[in-house]
Number of protein chains: 2
Amino acid sequence: MNTNCAVCSNRSSCFNTLSINELQKVSENKNEILFRKGETIIKQDASAKHIYFIKSGLAKVHVQDESKNLILEIAGKSSMLGITVLNHNKRYNFSATAMENVEVCEIDIDVISNIITNNVAFSSTIINELNVSIDKLLTKVFCLSQKNIQSRMAELLVSFSDQTFKSRSFTIPMSRTDLAEITSMAKENVVRILKEFEGQGYIKVNGKHFEILDYDRLSKLC
Amino acid sequence: MNTNCAVCSNRSSCFNTLSINELQKVSENKNEILFRKGETIIKQDASAKHIYFIKSGLAKVHVQDESKNLILEIAGKSSMLGITVLNHNKRYNFSATAMENVEVCEIDIDVISNIITNNVAFSSTIINELNVSIDKLLTKVFCLSQKNIQSRMAELLVSFSDQTFKSRSFTIPMSRTDLAEITSMAKENVVRILKEFEGQGYIKVNGKHFEILDYDRLSKLC
DNA sequence: TTATTTTTTTGATATATATCAACAAATTTA
DNA sequence: TAAATTTGTTGATATATATCAAAAAAATAA
């Protein structure tokens with residue numbers, strides 16, 4: 001069950017920069033785990049001991065306080081979770097929860113930190129990954145603070161189509177409340193806006209199954 | 001006017017990890033520039049040729065589109081601007097504008113990239129810096145999307161007191177519109193909330209001069 | 001299967017926040 | 001200095017969005 005990283009076809013491209021010895025070290029310090037729907041992969045404020053690599057399934061990445069919850073991202077295959085705490089935080093500054101069955105590789109954070117301090121090509125790819133995250137966060141913070149709820153919902157549907165599901169037709173493993181927590185709106189408004197978009201002929205909705213009918217006009221709303 | 005980085009007492013702690021040769025290389029590929037109030041230091045979407053290190057003065061870091069502007073951060077002494085595009089973007093994904101006279105070191109991005117691919121201790125400090133930025137962005141995105149305008153304004157005043165000015169009493173080099181663009185609210189509401197806080201005895205405001213009178217109760221609003 | 005719980009949907013209403021308009025104050029320009 | 005422009009302030013109003021409540025539908029448990 002515990003594939004050697006050296007021969008793993010699923011691994012992150014980051015790992016292409018590792019030596020045989022380093023891959024061996026990672027292999028020896030990783031676990032493959034199946035998280036079931038609803039299970040917590042990473043808990044905000046818990047001490048950061050691992051980074052996680054998603055092999056299959058979708059997980060929500062979210063930040064919480066006592067009463068509020070904001071979903072930052074739906075992470076899928078090939079996502080690395082936890083690198084944003086490297087060299088900085090001792091605790092995770094976000095949570096990750098499985099939205100369906102999710103297979104992950106759990107890797108010791110010390111092993112990764114150690115490779116970073118020795119392998120300059122690897123740390124360079126980590127810098128790249130972090131900057132991709134920052135880029136997404138910049139888009140997110142601008143979108144959430146400056147755009148109206150229609151525009152935010154349109155943007156979400158387009159990103160589902162382009163990135164998450166890579167298809168104009170998809171089934172989401174999440175509730176209306178989840179959609180509300182991604183777009184930072186009331187769940188009742190999720191229902192109303194989806195209905196509005198359906199009325200305009202932009203999309204077709206059937207429970208959790210979505211179809212993008214007019215991608216261009218939907219994009220224009222963003 | 002062009003101090004050698006090897007002997008510069010202002011330099012970022014990141015540069016402590018550089019060799020004599022690397023410091024020499026940086027020195028040869030940097031400019032010291034004085035930006036005057038209102039001048040653009042970094043323009044969003046412009047091709048990324050430099051990173052900037054602030055030696056003195058305050059600059060706003062902001063993201064824009066045709067009609068909206070969101071200020072992410074007030075960057076001061078010792079801030080590095082532009083490292084979030086390393087290894088990833090060819091263009092800046094934010095703007096930076098001087099709010100008062102700002103002295104900066106402008107360093108060739110290629111020189112920095114080159115050091116990153118050779119000096120593992122330096123890239124480790126960059127990873128740390130990036131993760132500090134991500135941490136701030138996570139706080140920002142949660143605050144802007146989940147908290148009301150009173151809470152956002154309280155948080156801003158506390159951060160001015162704790163981080164930006166490191167004093168309970170400070171004079172801000174920015175307009176009410178700037179405050180509105182940091183907290184993502186209408187400028188009229190900035191005026192109203194400041195007045196409300198003054199009425200509650202939390203702060204004292206005189207034009208651009210602020211005094212925090214009841215830090216604890218102000219903090220509780222956040 | 002029926003019963004129970006959870007999620008989704010709808011309409012009515014409340015509320016937070018933005019916008020508008022007009023004026024005052026401060027700053028800049030002539 | 002006065003004139004012009006920008007910035008700050010206030011109150012009235014509009015609007016976007018959230019909340020509440022109740023019913024319908026779907027999922028889960030008995």
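All heavy atoms count here, side chains included; hydrogens, waters and symmetry mates do not. Letters go in sequence order (proteins before strands), and every chain restarts at 1. Computed from a predicted structure; not experimentally measured.
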_Nearest to the side chain of A/Asn189, heavy atoms from C-beta on, is which of C/dT17, D/dG8, D/dA18?_
D/dA18
*Could you tell me whether the side chain of B/Arg192 has a donor or acceptor atom within less than 3.5 Å of a complementary atom in the base of D/dG8?*
no
*What integer distance in Å separates A/Gln146:CD from C/dT17:C1'?*
14 Å
_Is there a side-chain contact between B/Leu179 and B/Leu194 in this structure, where contact means two heavy atoms from C-beta onward sitting under 4.5 Å apart?_
yes
*Short side-chain to backbone donor-acceptor contact, B/Ser184 and A/Ser145, under 3.5 Å*: yes
*In whole angstrom, give the distance that lies between atom CG of B/Leu194 and atom C1' of D/dT7.*
14 Å
*Quick one: A/Ile193 CD1 to D/dA16 C1', roughly how many Å, whole number?*
10 Å
*Specify the separation, in whole Å, of atom NZ of A/Lys187 and atom C1' of D/dA22.*
13 Å
*Could you give the CD1-to-C1' distance, from A/Ile149 to D/dT15, as a whole number of Å?*
12 Å
*Return the value, rounded to whole Å, for the distance between atom CD of B/Glu188 and atom P of C/dT17.*
14 Å
*Would you mind telling me which residue lines up with the more 5' stretch of DNA chain D, A/Gln150 or A/Lys208, judged by nearest nucleotide?*
A/Gln150
*What integer distance in Å separates A/Leu144:CG from D/dA16:P?*
19 Å
*Quick one: A/Met153 CE to D/dA16 P, roughly how many Å, whole number?*
17 Å
*Does B/Arg168 count as lying over the ring of B/Tyr215, i.e. NZ or CZ under 6.0 Å from the six-ring centre, within 45 degrees of the axis?*
yes
*Is the A/Phe160 ring parallel, tilted or perpendicular to the A/Phe170 ring (thresholds 30°, 60°)?*
perpendicular
*Do B/Asp178 and B/Ser175 have side-chain atoms, one donor and one acceptor, less than 3.5 Å apart?*
yes
*Nearest to the side chain of B/Asn148 - C/dA18, D/dT17, C/dT17?*
C/dT17
*NZ of B/Lys187: more than 12 outside heavy atoms within 6.0 angstrom?*
no
*asked:* Do B/Leu221 and B/Tyr202 make a side-chain contact, defined as non-hydrogen atoms from C-beta onward lying under 4.5 Å apart?
replied: yes
_Closer than 3.5 angstrom, by distance alone: can the side chain of A/Arg152 be matched with the main-chain N or O of A/Lys147 as a donor-acceptor pair?_
yes
*Under a 4.0 Å heavy-atom cut-off, which of residues 168-184 of chain A touch DNA chain D?*
A/Ser184
*Looking at five pairs on each end of the helix from C/dT1-D/dA30 to C/dA30-D/dT1, what is the angle between the two axes, given to 10 degrees?*
40°
_Sidechain-backbone polar pair: B/Lys166 side chain, B/Gln163 backbone, donor-acceptor under 3.5 Å_ = yes
*At under 4.0 Å, does any side-chain N or O of B/Lys195 touch on OP1 or OP2 of D/dT10?*
yes
